[in-house]
Amino acid sequence: GKLASTAISVLGRLGNVKAAKRVFDRARLNGMGGNVFAFSALISAYGRSGRCKEALEMFECMKAEGCKPNLITYNALIDACSKGGMPDIARSLFSDMQQSGLEPDKITFNSLMGAYGRAGQWQEAESVFHLMGLSGLCQDLHSYNTLIDAFCKGGQLALAERLLDTMTSSGVQPNVITYSSIIDGYAKSGKEEEALATFSKMREIMKRSPGIHPDSVCFNTMLDMYGKAGRIEEAMAVRSEMESAGLGTDLVSFNALIDMMGKAGRPREAARLFEQMQRQGHHPNVLTWSALIGGFARSGFHTEAMKYFQEFKQAGLQPDVVLYSLLIDVHGKHGLVQEAMGLLKEMVANGIPPNVVTYNSLIDAYGRMGQVERAVTTMDEMKSKGLTPNAVTFNCVIDAFGKEGRAEEALQMAHRMREEGQSPD
RNA sequence: AAGAAUUCGUCGACUGAA
């Protein structure tokens, strides 16, 4: 009973949903599983791995079994929707729970705010923050951090800075997470100097409060920022600092470094880091491999890239949409459309449904080859699969017409783009 | 009064005279 919910929770945290579900099922067979605790833990486990649909199914399932969801169940489910990028469902659950007589608590508000923040809807996040105050709940450190992060993700750095001041004067002390969010916000807006200034400021403040230091997430944020900006020297310097701080280069640091080298057209350096990390006992994950493979593929070393892809599969790891889309894209860009189609078949056969990005890469490939008609059919095909073309899709098709000198049709496509709710820019 | 479940920051994919 109690042991089962704890086990489900721990497995969920480790990212092993399969095992969590097994424990859940077994506990239920033994007649000690079907309680709120187990259901909530499982819903949370699904949420953590981004499987919001399954979380919602479990929720329906528990209700059907007559197990009444409580505050924590709702919180877990709202968080699952948040992580799954479905803020609107999160919001309707927020209403539902009140209908059933449950009072939202701080965690409920924070989770809902996070749902909007992740989705880039910082205005909504802000209004939840205020609603929280109006409901008589006092915003805590999580609330401030969540809203600051929402502002940062929405590129509203001035608002983030202002809220940082507000929280301090309200007696809530910012922590590493607060500063990391802001640093990342600057990093993603291409404001490296501001990010660095925030980083330094944080270290100054932390010097005065013993026991608190920038952690690896914070360093990795800086590291990746320099990597993305192609400032290799500085990225390396961050790595050294991390090591002298006793944090070491962790999996995320290596992934960022490998990506940096790959994008800088230095895939051999990336491969060196790849070896190095393993010597240090790190197990490469899908992100590591994608960065590595992408580096080789973008530089035109397809054979190398595919060799690593084989190795990846032999290592028993499952390729995902991103990895397949990456491979499809680089093959398409180099005019290897047959190979790209082969990969598409393979992914479908492996039960990985292509998404908008996958299709965009194919459409782009046809466009580059001057096969506008095929580009258009591919767009229709994606629609028939229930996928909605986005701005990138339309841009690719418009560009394809443009390249062929078919300005009329390019314009028509731009019109359709508006009709279908995408704004051309 | 209980060994149970819930909230914050970092890494990989697509378009553009960028």
Side-chain angles (χ1 to χ4, degrees), chain A residues 1-9 12 35-45 47 70-80 82 105-114 117 140-150 152 175-185 187 215-225 227-228 250-260 262 285-295 320-330 332-333 355-364 367 390-399 425:
Chain A
K2 296 185 186 186
L3 191 64
S5 347
T6 311
I8 294 167
S9 163
N35 59 23
V36 218
F37 294 96
F39 272 111
S40 307
L42 187 61
I43 286 172
S44 168
N70 63 14
L71 175 63
I72 294 181
T73 319
Y74 272 102
N75 287 349
L77 192 57
I78 288 172
D79 182 53
S82 163
D105 66 358
K106 288 188 189 184
I107 296 183
T108 322
F109 280 100
N110 291 343
S111 303
L112 182 60
M113 215 190 312
D140 61 7
L141 181 59
H142 283 246
S143 320
Y144 280 103
N145 285 349
T146 306
L147 185 56
I148 285 177
D149 187 55
C152 290
N175 64 4
V176 212
I177 296 184
T178 322
Y179 288 108
S180 303
S181 296
I182 297 177
I183 292 169
D184 190 54
D215 61 5
S216 25
V217 173
C218 191
F219 275 110
N220 284 334
T221 306
M222 291 294 292
L223 173 36
D224 181 58
M225 171 183 81
K228 289 259 178 345
D250 69 10
L251 177 63
V252 174
S253 329
F254 273 112
N255 288 352
L257 289 167
I258 290 171
D259 182 55
M260 168 180 82
N285 63 13
V286 209
L287 275 70
T288 321
W289 287 92
S290 306
L292 179 71
I293 294 170
D320 65 3
V321 228
V322 175
L323 183 46
Y324 272 116
S325 302
L326 162 72
L327 287 167
I328 289 172
D329 183 63
V330 289
K333 291 250 188 322
N355 66 15
V356 197
V357 176
T358 322
Y359 276 104
N360 289 348
S361 293
L362 286 169
I363 292 169
D364 182 55
N390 63 15
V392 176
T393 320
F394 282 104
N395 285 338
C396 291
V397 179
I398 292 168
D399 212 57
D425 42 23

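Values reported hereafter were calculated over all heavy atoms of this structure, with side chains retained and with hydrogens, waters and symmetry mates removed.
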Going by side chain to side chain contact (heavy atoms under 4.5 Å, CB included), name the residues that satisfy it together with A:C396, two or more places apart in sequence or in a different chain. A:I363, A:D364, A:V392
Rounded to whole angstrom units, what separation is found between the CG atom of A:N35 and the P atom of B:A5? 12 Å
Which residues satisfy the side chain to side chain contact (heavy atoms under 4.5 Å, CB included) test with A:S82, sequence neighbours excluded? A:D79, A:A115, A:R118
Using a heavy-atom cut-off of under 4.0 Å over every strand shown, decide if A:D105 touches base, sugar-phosphate, or nothing. nothing
What is the distance, rounded to the nearest whole Å, between atom CG of A:L77 and atom P of B:U7? 12 Å
Under 3.5 Å, is there an N or O donor on one side and an acceptor on the other linking the side chain of A:T6 and the base of B:A4? no
Reading nucleotides 8-14 of chain B 5' to 3', which nucleotides get B (base under 4.0 Å from a protein heavy atom), which S (sugar-phosphate only), which -? BBBBBBB
Any pair with a residue in residues 176-185 of chain A that passes salt bridge (Lys or Arg N to Asp or Glu O under 4.0 Å), sequence neighbours left out, goes on the list, sorted by first then second residue, please. A:D184-A:K188
B:C14 to B:A18 separation - P atoms, rounded to the nearest Å: 15 Å
Nucleotide-level pairing of RNA chain B, given in dot-bracket where Watson-Crick and G-U pairs need both distances under 3.5 Å and | marks other strands: ..................
Nearest non-hydrogen partners of A:A150 and A:G117, listed with the distance: CB-CA, 3.5 Å
Aromatic-base stack, A:F37 on B:A4, cutoff 5.5 Å, angle under 30: yes
Residue list, side-chain hydrogen bond (donor to acceptor under 3.5 Å, both in side chains) with A:S40, at least two apart or on another chain: A:T73
Looking across every strand, which nucleic acid part, if any, lies under 4.0 Å from A:I183 by heavy atom: base, sugar-phosphate, or nothing? nothing
Once you round it to whole Å, what is the distance between C1' of B:A4 and CG of A:L3? 9 Å
I'd like to check the side chain to side chain contact (heavy atoms under 4.5 Å, CB included) partners of A:D399; sequence neighbours left out, ordered by chain and number. A:K403
Taking atom C1' of B:A4 as reference, at what distance in whole Å does atom CD1 of A:I8 sit? 10 Å
Report the distance from atom CG of A:L42 to atom C1' of B:U6, rounded to the nearest whole Å. 13 Å
With A:T288, which residues qualify under side-chain hydrogen bond (donor to acceptor under 3.5 Å, both in side chains), at least two apart? A:N255, A:N285
From NZ of A:K2 across to C1' of B:A5 the rounded distance in Å is 12 Å
Starting at atom CG of A:N75, determine the distance to atom P of B:U6, rounded to an integer number of angstrom. 10 Å
Using the side chain to side chain contact (heavy atoms under 4.5 Å, CB included) criterion, which residues pair with A:S143? Sequence neighbours excluded. A:N110, A:M113, A:F129, A:M132, A:Q139, A:D140
Does any part of the side chain of A:L141, heavy atoms only, come nearer than 4.5 Å to the side chain of A:T178, both counted from C-beta? yes
